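Once you've had a glance at the structure underneath, I'll fire off some questions.
In what follows, every heavy atom counts, from backbone to side chain, and hydrogens, waters and symmetry copies are set aside. Quick caveat, the model's predicted, so the values are computed rather than measured.
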Amino acid sequence: MNVLLVAPLLLVVAGVAAGWFLPRVTSPASSVRVLTVATVAAAAGVAAALALVALAGASELHEVSSWLGWCDALYPGDHGAAPWAGALAAALLVVAARRARRYLSRSRAETAAFAPVEGVEVVAAAGAVAFAVPGSPGGVILGDELVRTLSRDERRAVIAHEHAHLDHAHHRYVRAVETCAAAFPFLVPLARQVRFNTERWADETAASAVGSRTLVARAIARVALLGAPTPAPGVLGFRSLSAAARVEALLRPSTPARVTLPAAASTMTILTTLAGSSVQVHHLASFLNHVCR
């Protein structure tokens with residue numbers, strides 16, 4: 001394969017890595033939306049590149065190309081790929097697909113275990129158990145230890161936080177990026193940023209609902225002291241995920257987002273990611289366009 005295949009991959013990786021800084025210069029809601037698009041685009045670009053290598057490798061095998069009705073001259077010269085490279089790319093695609101499918105199965109099973117839920121339900125559970133269960137209309141699960149530990153106002157903040165997850169369909173963003181990260185582990189840091197920013201988004205929404213940023217910050221701190229269970233795939237809750245950072249953000253004065261140089265740079269990295277991914281898809285489409293009819 002040539003540099004046209006390698007360069008877009010490097011752009012995708014660089015764009016995703018630089019996009020990690022976006023949450024520092026814009027609102028949590030904007031960060032979630034933009035980073036989700038970037039993550040999905042990066043995963044699509046890598047998948048398209050692997051598919052291109054797999055098809056190019058297959059085209060070098062006369063038996064395979066004849067069976068599929070391809071021209072023997074398809075992608076001649078340095079545009080081809082060694083059969084072993086094509087086999088490796090195909091294997092990586094299969095592994096990625098299986099990992100993504102396994103994650104989705106676990107995520108659906110976790111959600112189905114609590115469905116259907118409507119309103120607020122209290123269950124017997126130790127520790128910081130508080131999470132939203134998506135559905136129609138969905139609901140909130142609270143552990144009895146958490147209910148006993150928090151004051152009435154703090155419980156109101158927790159419930160407002162969980163309803164924010166439901167109202168803004170945060171599970172869709174998290175499920176999308178974590179599916180991509182399951183398929184391609186190099187995207188895990190970005191998926192963590194999206195999950196963290198859904199919590200920050202819900203924190204800010206809860207603060208507006210209860211009329212006090214300090215109250216939400218206090219609830220987060222008290223929940224963190226209870227200890228948090230390991231987060232289940234696709235489940236969003238009030239657990240102590242980066243509790244210190246969330247409390248610090250809430251105790252800072254709320255300021256409107258400004259367009260700064262870092263923000264502009266982060267936006268360019270996201271556009272770079274999208275461009276790199278689109279080039280990969282274009283290469284794959286061009287390859288298929290040359291298949292003999």
Side-chain angles (χ1 to χ4, degrees), residues 16 19-43 100 103-104 106-108 110-111 114 117 120 128-135 137-142 146 157-182 187-210 213 216-217 219-221 223-224 228-252 254 257 263 266 270:
V16 171
W20 185 86
F21 295 98
L22 185 63
R24 302 184 182 185
V25 295
T26 188
S27 69
S30 297
S31 296
V32 168
R33 294 186 179 108
V34 175
L35 294 181
T36 297
V37 171
T39 304
V40 173
Y103 167 82
L104 287 173
R106 289 176 54 205
S107 176
R108 288 168 183 156
E110 289 287 346
T111 302
F114 296 98
V117 176
V120 179
V129 175
F131 55 88
V133 180
V140 177
I141 299 290
L142 300 179
L146 180 140
V158 170
I159 294 172
H161 174 102
E162 300 307 329
H163 277 302
H165 284 316
L166 296 174
D167 293 342
H168 297 292
H170 289 167
H171 62 284
R172 294 180 181 175
Y173 298 105
V174 171
R175 185 171 291 176
V177 297
E178 290 189 348
T179 299
C180 295
L187 294 174
V188 167
L190 195 53
R192 288 175 180 165
Q193 280 295 314
V194 172
R195 182 179 274 271
F196 170 74
N197 277 280
T198 59
E199 297 298 332
R200 282 283 302 116
W201 185 354
D203 289 342
E204 294 293 341
T205 303
S208 298
V210 302
R213 298 171 65 84
V216 177
I220 293 172
V223 168
T230 303
V235 174
L236 293 165
F238 203 80
R239 62 190 173 276
S240 56
L241 177 65
S242 302
R246 290 166 60 193
V247 169
E248 181 183 359
L250 284 167
L251 294 180
R252 289 198 304 264
S254 178
S266 297
I270 299 303

Worksheet entry | Counterpart residues, side chain to side chain contact (heavy atoms under 4.5 Å, CB included), relative to Ala209 (two or more places apart) | Ala160
Worksheet item: Nearest 0.5 Å, what's the OG-CZ distance between Ser242 and Arg195?
Response: 11.5 Å
Worksheet entry | Straight-line distance of Ser31 OG to Tyr173 OH, nearest 0.5 Å | 12.0 Å
Worksheet entry | Between CG on residue Leu166 and NE2 on residue His163, distance to nearest 0.5 Å | 7.0 Å
Item to complete: Could you tell me which residues satisfy side chain to side chain contact (heavy atoms under 4.5 Å, CB included) with Ile141, sequence neighbours excluded, listed by chain and number?
Response: Phe114, Val117, Glu121, Val123, Phe131, Val133
Worksheet entry | Heavy-atom side-chain contact between Leu35 and Leu190 under 4.5 Å | yes
Worksheet item: Are the side chains of Val140 and Val158 in touch, meaning some heavy atoms are under 4.5 Å apart?
Response: no
Discussion item. Once side chain to side chain donor-acceptor pair (under 3.5 Å) is applied, do any residues pair with Ser208, and if so which ones, sequence neighbours excluded?
Written reply: none
Practice prompt. Taking only Lys NZ, Arg NE, NH1 and NH2, and the carboxylate oxygens of Asp or Glu, determine whether Glu204 and Arg200 approach each other closer than 4.0 Å.
Written response: yes
Discussion item. Taking side chain to side chain contact (heavy atoms under 4.5 Å, CB included) as the definition, give me every residue that meets it alongside Ala202, ordered by chain and number, with sequence neighbours left out.
Written reply: His161, Ala164, His165, His170
Worksheet item: Any sub-3.5 Å donor-acceptor pair from Arg213's side-chain atoms to Ala249's backbone N or O?
Response: yes
Item to complete: Identify the heavy atoms of Val247 and Ala217 that sit nearest to each other, and give their distance.
Response: CG2-O, 3.6 Å
Worksheet entry | Gln193 CD to Thr198 OG1 distance, which is reported to the nearest 0.5 Å | 11.0 Å
Item to complete: Indicate the atoms forming the closest heavy-atom contact of Val216 with Ala206, along with that distance.
Response: CG2-C, 4.0 Å
Worksheet item: About how many Å separate NE2 of His171 and CD of Glu178, when rounded to the nearest 0.5 Å?
Response: 12.5 Å
Fill in: Close side-chain approach of Val177 to Leu187, heavy-atom, < 4.5 Å
no
